[in-house]
Trainee: 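Below is the structure I would like to discuss, written out as structure tokens.
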There are 2 protein chains.
Amino acid sequence: MKIDKKNITLKDVALRAGVSVATASRSLGNYGYVDKETKKKVLKAAKDLNYHFNSIAKGLRTKRTHTIGFLLPDITNPFYTRIAKGIQDYAYEKGYSVVIAYDDSMSNKTIKFFEMFFQDRMEGLIFSTPYNEVLEEMCRNTLKKGIPVVSCYGTKKVRFSDLIQSDAIGGCYKATKFLFDSGFPNFFVIKVKDSSISQRRFEGIEKFYEEIGKKLNKDFVLEVKDYSDRCGYEAAKEVFILGKKPTAIFCFGEQLAIGVMRAAKDCNISIPDELSLVSVDDVIASQLTPSITSVSLPVYHAGQVAANLIIERIEGKKRIKSREIYLEERFIIRESTSYNRLGN
Amino acid sequence: MKIDKKNITLKDVALRAGVSVATASRSLGNYGYVDKETKKKVLKAAKDLNYHFNSIAKGLRTKRTHTIGFLLPDITNPFYTRIAKGIQDYAYEKGYSVVIAYDDSMSNKTIKFFEMFFQDRMEGLIFSTPYNEVLEEMCRNTLKKGIPVVSCYGTKKVRFSDLIQSDAIGGCYKATKFLFDSGFPNFFVIKVKDSSISQRRFEGIEKFYEEIGKKLNKDFVLEVKDYSDRCGYEAAKEVFILGKKPTAIFCFGEQLAIGVMRAAKDCNISIPDELSLVSVDDVIASQLTPSITSVSLPVYHAGQVAANLIIERIEGKKRIKSREIYLEERFIIRESTSYNRLGN
DNA sequence: TTGAAAGCGCTAACAC
DNA sequence: GTGTTAGCGCTTTCAA
């Protein structure tokens with residue numbers, strides 16, 4: 001295997017084309033005045049030499065990197081990588097590359113990310129992570145340097161240029177209406193304690209009940225510790241064992257619903273024949289058997305919006321005021337729900 | 001919001017610390033001879049000024065970027081992002097950052113990636129993508145420039161420095177033995193036509209049969225077009241409708257197995273009571289109900305190995321010969337399989 | 001329309 | 001131990 005000795009630079013290209021580096025630069029960079037023929041010569045020389053542009057050098061000179069950093073909590077979770085895809089697809093289109101990093105919710109990794117973020121002179125920050133103190137401080141730093149920050153389904157409790165959130169209230173309102181119309185006015189809810197998003201989801205349910213002038217029975221609300229399948233399993237199992245026989249359960253997270261499915265299986269309760277199940281998130285809901293009727297978040301679209309907002313700011317069309325955008329959630333009916341004629 | 005006017009450079013730090021840029025550089029870079037006290041002064045000055053090192057400039061000067069590119073087909077698939085995580089975790093430890101890109105199996109995106117790869121002067125390439133012509137050409141280019149290339153569960157049909165593959169034969173051997181010992185000597189297989197990995201998996205089955213001196217009944221081998229859940233569904237459904245009543249099915253891909261579960265549900269066949277199901281990949285197998293007994297690939301570990309190999313080469317401990325590493329697959333017994341006393 | 005030359009922020013000889 | 005200085009490869013005045 002032969003290895004190219006020396007890096008080909010603009011100078012080499014210019015030499016071969018018989019022009020100056022300035023002209024070569026203008027030809028390759030598509031700017032300034034260059035004679036058509038000259039340009040053609042330069043392009044040919046570059047191709048002949050197998051020249052690869054050095055964007056490091058360009059970056060040093062122009063102080064631009066066309067790079068956006070995206071921080072997410074867990075790279076193996078499709079919920080976040082779908083956001084990442086939305087961001088990248090949009091950013092690439094606009095000539096930006098995006099560096100994806102995850103911090104596994106560990107602040108030492110968050111610190112490492114920001115070190116890299118600043119050292120590599122990234123031009124914008126998008127994050128989908130929950131609150132932590134390092135993030136808060138770093139977002140402040142970032143903004144102070146004039147670099148825009150967008151929270152995309154991330155925490156609301158730090159400084160940012162723009163924020164994208166889910167219209168959780170609207171989504172759960174739809175789900176509630178569906179359950180009600182399907183004959184399950186007394187469905188159970190599994191929500192997470194001390195979770196602000198769970199709280200907002202709950203407001204969606206309350207809103208519906210308010211509108212129809214009924215009261216929600218607090219006995220049907222189950223509060224669990226976190227969004228894990230284990231919590232869903234334990235909560236459901238307890239209900240089943242106590243013989244409460246719910247006809248429908250609404251979970252505020254997909255993993256919770258997966259736990260409920262397992263509990264139902266254990267107790268020989270058939271979904272959807274004996275129990276209707278509704279979930280939120282829609283990450284693998286469609287792949288399960290039965291597939292789960294879900295409130296679906298437009299994560300890919302959210303990523304695109306985030307990229308759009310940040311590039312808009314990077315390119316200077318920045319409005320002073322920060323924006324908060326709430327993206328609508330869809331409600332998708334699948335196999336895990338049925339119609340209940342009895343209405344109990 | 002106040003915005004920092006000017007970028008703080010090494011010069012500023014040196015000025016404030018009352019030393020030369022060289023000394024400042026030595027202090028911040030931890031190399032060469034620097035007096036302890038001097039170093040302390042420089043560090044303080046840097047902190048005071050909120051100095052952020054400019055790795056673009058460093059890169060230009062040293063011609064090193066400490067960056068590895070990782071190309072995968074689909075960023076929303078946890079199979080690949082677990083590899084990515086393995087790579088990043090290892091690389092970060094060694095002071096490298098990794099740029100993750102996906103090409104959605106579209107060669108124009110592959111081209112874009114390599115443009116970026118060369119322009120940004122990345123020092124190593126890892127890919128998990130299947131064969132395509134652009135990839136082949138670009139890998140050749142990359143190697144010619146002296147940049148190492150590692151295929152991590154990617155195609156074997158291009159030039160590379162090192163290759164990591166799965167011991168598909170061994171994994172399927174284990175699964176076959178399990179099915180046999182569980183009383184299912186006549187299980188059905190769903191494999192994919194024209195897939196080299198499916199072919200190797202099949203060899204694992206044949207190997208077992210050879211050892212016990214029996215012949216595999218070809219009637220039990222189902223060949224489908226691709227690895228989609230749809231193909232799994234259709235193949236299984238047809239078998240069920242024909243009344244063949246298999247007692248066990250072994251799928252060479254998780255999505256195939258998901259399709260089989262759906263078909264079984266449709267036909268009122270209970271898993272595992274009436275049908276045992278074994279799968280390969282282990283991406284969401286543990287989250288399904290019932291959870292699927294699976295051949296599990298050590299993807300995270302594979303990523304770490306890939307990162308290790310490439311960094312070894314980048315740092316010059318390169319052996320001439322290219323290596324091929326086959327990583328063992330585990331076999332995990334879950335709920336989708338039972339024991340068959342009848343043995344038919 | 002093209003070229004000469006300065007300089008982006010850093011490192012690494014080399015001199016002191 | 002520390003400072004001086006010449007570039008790394010590119011863009012961008014400015015002058016021709």
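Everything numeric here is computed off the predicted structure, so don't read it as measured data. Residue numbering restarts at 1 for every chain, and letters A, B, ... go by the order of the sequence lines.
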Trainee: Counting distance only, does the side-chain N/O of A:Thr110 pair as donor-acceptor with the main-chain N or O of A:Leu135 below 3.5 Å?
Mentor: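 No, the answer is negative, given that no donor and acceptor are paired below the 3.5 Å cut-off.
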Trainee: Should we count CD of B:Glu324 as having more than 12 external heavy atoms under 6.0 Å?
Mentor: yes
Trainee: Looking at D:dT11, I'd like to know if its phosphate oxygens (OP1 or OP2) sit under 4.0 Å from a side-chain N or O belonging to A:Ser25.
Mentor: yes
Trainee: Base, sugar-phosphate, or nothing: which does B:Phe53 touch, judged by heavy atoms less than 4.0 Å apart?
Mentor: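 If one applies the 4.0 Å heavy-atom cut-off, B:Phe53 turns out to touch the sugar-phosphate alone, with no base involved.
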Trainee: So if I apply the side-chain contact (heavy atoms from CB on, under 4.5 Å) rule between A:Val13 and each of A:Leu43, A:Asp48, A:Val19, A:Val42, which one comes out positive?
Mentor: A:Val42
Trainee: Whole angstrom is fine here: how far is it from CZ in B:Phe118 over to P in D:dG9?
Mentor: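 Roughly 17 Å, once rounded to whole Å.
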Trainee: Spell out, as yes or no, whether a donor-acceptor pair under 3.5 Å connects the side chain of A:Asp12 to the backbone of A:Thr9.
Mentor: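 Yes; at least one donor-acceptor contact below 3.5 Å.
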Trainee: Using chain A heavy atoms and a threshold of under 4.0 Å, write down where along DNA chain C the contacts begin and end, 5' to 3'.
Mentor: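 Under 4.0 Å from chain A, the extent on DNA chain C is C:dT1 to C:dG9.
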Trainee: Could you verify whether a donor N or O on one side chain and an acceptor N or O on the other, from A:Lys39 and A:Asn30, lie under 3.5 Å apart?
Mentor: yes
Trainee: For A:Tyr92 and B:Met116, work out which heavy atoms get closest and say how close.
Mentor: OH-CE, 3.6 Å
Trainee: Mind calculating the distance between CZ (A:Arg61) and C1' (D:dC10) to the nearest angstrom?
Mentor: 8 Å
Trainee: Round to the nearest Å and state the distance from B:Leu60 atom CG to D:dA6 atom P.
Mentor: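 Going from CG in B:Leu60 over to P in D:dA6 covers 17 Å.
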Trainee: How do A:Tyr31 and A:Ala57 order along DNA chain D: which one's closest nucleotide is nearer the 5' end?
Mentor: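 Looking at the nearest nucleotide for each, A:Ala57 comes out on the 5' side.
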Trainee: What nucleotide among D:dG1, D:dC10, D:dG3 has an atom nearest to a side-chain atom of B:Thr23?
Mentor: D:dG3
Trainee: 5'-most contact on DNA chain D: B:Thr62 or A:Val21, nearest heavy atom basis?
Mentor: B:Thr62
Trainee: In whole angstroms, how far is the C1' atom of D:dG7 from the NZ atom of A:Lys11?
Mentor: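 Taking NZ of A:Lys11 and C1' of D:dG7, I get 10 Å after rounding.
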Trainee: In whole angstrom, what separates A:Leu28's CG from D:dT12's C1'?
Mentor: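 To the nearest whole Å, that distance equals 16 Å.
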Trainee: Taking only the side-chain nitrogens and oxygens of A:Tyr33, find out if one of them lies under 4.0 Å from OP1 or OP2 of D:dT12.
Mentor: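 No, because none of the side-chain N or O atoms of A:Tyr33 sits under 4.0 Å from OP1 or OP2 of D:dT12.
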Trainee: In sequence, state the C-alpha distance, the side-chain angles, and the governing distance for B:Arg26 and B:Asp35, and then conclude on salt bridge (charged side-chain N to carboxylate O under 4.0 Å, His left out).
Mentor: CA-CA 10 Å; B:Arg26 280 190 279 259; B:Asp35 186 88; over 6 Å; no
Trainee: What is the separation between atom CZ on B:Arg64 and atom P on D:dG9, rounded to the nearest whole Å?
Mentor: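 One finds 16 Å between P of D:dG9 and CZ of B:Arg64, rounded.
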Trainee: Round to a whole Å and report the spacing from CG of B:Asp120 to P of D:dG9.
Mentor: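 Atom CG in B:Asp120 sits about 16 Å away from atom P in D:dG9.
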Trainee: Check every strand shown and say whether B:Ser55 touches a base, only sugar-phosphate, or nothing at a heavy-atom separation below 4.0 Å.
Mentor: nothing
Trainee: For A:Asn7 and D:dC10, what is the distance between atoms CG and C1' respectively, to the nearest whole Å?
Mentor: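 In whole Å, D:dC10 C1' lies 13 Å from A:Asn7 CG.
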Trainee: More 5' along DNA chain C: B:Ile56 or B:Arg26, using each one's nearest nucleotide?
Mentor: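 It is B:Ile56, whose closest nucleotide lies nearer the 5' terminus.
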